[in-house]
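First up is the structure itself, then whatever we jot down about it.
Order of the sequence lines sets the chain letters (A, B, ...), proteins ahead of strands, with each chain counted from 1.
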2 protein chains.
Amino acid sequence: MTDLEQYLQTYFDFDQTDLVTVASFFKPEILKKGDYYLKTGKLCNKLSFIQSGMLRVYVDLEDREVTQWICTQGYFVTDLSSLVFEKPARWNIQALADTAIYTIDKHDYDRLGEYLPKWPVTEKLFIAHCFTTLEDRVFSFLSMTAEQRYNLLFDSHRDIFTQVPLQYIASMLGMTPETVSRIRRKQLN
Amino acid sequence: MTDLEQYLQTYFDFDQTDLVTVASFFKPEILKKGDYYLKTGKLCNKLSFIQSGMLRVYVDLEDREVTQWICTQGYFVTDLSSLVFEKPARWNIQALADTAIYTIDKHDYDRLGEYLPKWPVTEKLFIAHCFTTLEDRVFSFLSMTAEQRYNLLFDSHRDIFTQVPLQYIASMLGMTPETVSRIRRKQLN
DNA sequence: TTGATTTCTTGATCTAGGTCAAGTGCGTCG
DNA sequence: CGACGCACTTGACCTAGATCAAGAAATCAA
């Protein structure tokens, strides 16, 4: 079983045949550090799985950048609203390091249902799971302090902290780099 | 065409036959002010459409309540993660006023695909739309001040401001009632 | 290696928004 | 009607976290 098949299995309860079918639509690709996976305003006609490396999802405002999320090894990346609704992409997505991904293009993605009868259900569960994750994130902004949000992210995505420049972590937590630096120091006692 | 059919049409591009089919699964219900549509920890086995009135989605913390959202006329309400994954509900959902809803139970909801071939696609688009809405909301916390978030909500959901106690609006915006009160005064110049 | 550049840390100060407390208005119920 | 209880407002003060600025460390180029 390939890496990709193994990872797909952890997300979806496909049997071996389905796994091979789905995996066959994904093509390996390499992004060099700094390369863009997607730029704001373009159409995102692909979905990718990250085998190694990291991608930063962000937007440019007049006076600064806002990082929405960092996608790491073992997760999927796309601009969902662009992929699904065929609207201009909301986000820039850029490689923070050399990154190996497997990509399925929209054409094939939209046809997965023809090969896998249970794809529509699987896809729904996948998007619903993404929804729930964001719901948690909104809740964290409604109910937690900067330090609590830092700890929550640290406990759930430790890999981000070891590899991602602190300024981006700060932005995705909705605080300044100085604040993250101070919280980090405090955590070391 | 009934109210419900009309509303369904604004969400989904069903033809007349489909509209009637879907609508027939929804049963009218009345919640009195203060009644609970759902309580944390229960299973949410229904999805409803709000014909009139309002529901507040919130959680109890040790020392306070956090309002996640207010659902108003013309919108759907459910606990998506509970409905889809059959997990205990994350939210309390309580009527803020006498509220008229149309409810489909999970049993029927899960079978919509048997009657409507394009239901799986429609459902996916619906959930993806919810995801995108939350993405915007996360972005608002990452990039906006309290006053900017207030204005954003005011411009997009004016009905909430005319009918909902200010303390709940404050909570769902992630600020205190005092702050909302001050912003509101400022907006009156 | 060395200098240049970027990123991170730390301190000093500032401010948006929170907290606390004392009203004020108003709807409801006896 | 009057009084109780909410919900909201307003002021005084406080604090988490932002801003600004100056170094220190790490990263990179050559």
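- The base of D/dC8 does not come close enough to the side chain of B/Gln167 for any donor and acceptor atom to sit less than 3.5 Å apart.
- The side chain of B/Thr176 places no N or O atom within less than 4.0 Å of a non-bridging phosphate oxygen (OP1 or OP2) of C/dG17.
- Comparing C/dG11, D/dG11, C/dG17 by their nearest atom to the side chain of B/Thr145 picks out C/dG17.
- Candidate nucleotides D/dC28, C/dG11, D/dG11 were compared by shortest atom distance to the side chain of B/Arg182, and D/dG11 ranks first.
- Here the P atom of nucleotide D/dG17 and the CD1 atom of A/Ile183 are 7 Å apart, to the nearest Å.
- At distances below 3.5 Å, not a single donor-acceptor pair connects side-chain atoms of B/Ser181 with backbone N or O atoms of B/Pro177.
- The six-membered or imidazole ring of A/Tyr37 lies away from that of A/Trp91, with a centre-to-centre distance of 6.0 Å or more.
- OP1 or OP2 of C/dT9 sits under 4.0 Å from a side-chain N or O of A/Ser181.
- Distance B/Arg56 CZ to D/dA7 P: 10 Å, rounded to the nearest Å.
- Using a 4.5 Å cut-off on side-chain heavy atoms (C-beta onward), A/Met172 and A/Arg137 make contact.
- Atoms CG (B/Asp63) and C1' (C/dG18) sit 14 Å apart, rounded to a whole Å.
- Rounded to whole Å, atom P of C/dG17 lies 15 Å from atom CZ of A/Phe141.
- For B/Arg185, whose side chain is taken as the heavy atoms from C-beta onward, the closest listed nucleotide among D/dT10, D/dA18, C/dG11 is D/dT10.
- What separates OH of B/Tyr168 from P of D/dA7 is a distance of 6 Å, to the nearest Å.
- Counting only heavy atoms from C-beta on, A/Thr179 has its side chain closest to D/dG17 among D/dG17, D/dT19, C/dG17.
- Between D/dC8, C/dT10, C/dG17, one nucleotide has an atom nearer to the side chain of B/Ala146 than all others, and that is C/dG17.
- Atom CZ of A/Arg149 and atom P of D/dA16 are 14 Å apart (whole Å).
- The side chain of B/Leu166 has D/dT9 as its nearest neighbour among D/dG17, D/dT9, C/dG17.
- A close approach under 4.0 Å does occur between a side-chain nitrogen or oxygen of A/Lys33 and OP1 or OP2 of D/dC28.
- In this structure, A/Met144 atom CE and C/dG18 atom P are separated by 17 Å, rounded to whole Å.
- A donor-acceptor contact under 3.5 Å is formed by the side chain of A/Glu178 with the base of D/dC20.
- Ring centroids of A/Phe49 and A/Tyr7 are separated by less than 6.0 Å, placing the two rings close together.
- A straight line from CG of A/Leu96 to C1' of C/dT7 spans 14 Å, rounded to a whole angstrom.
- Remark: side-chain polar atoms of A/Arg149 are not paired, donor with acceptor, to backbone N or O of A/Ser140 under 3.5 angstrom.
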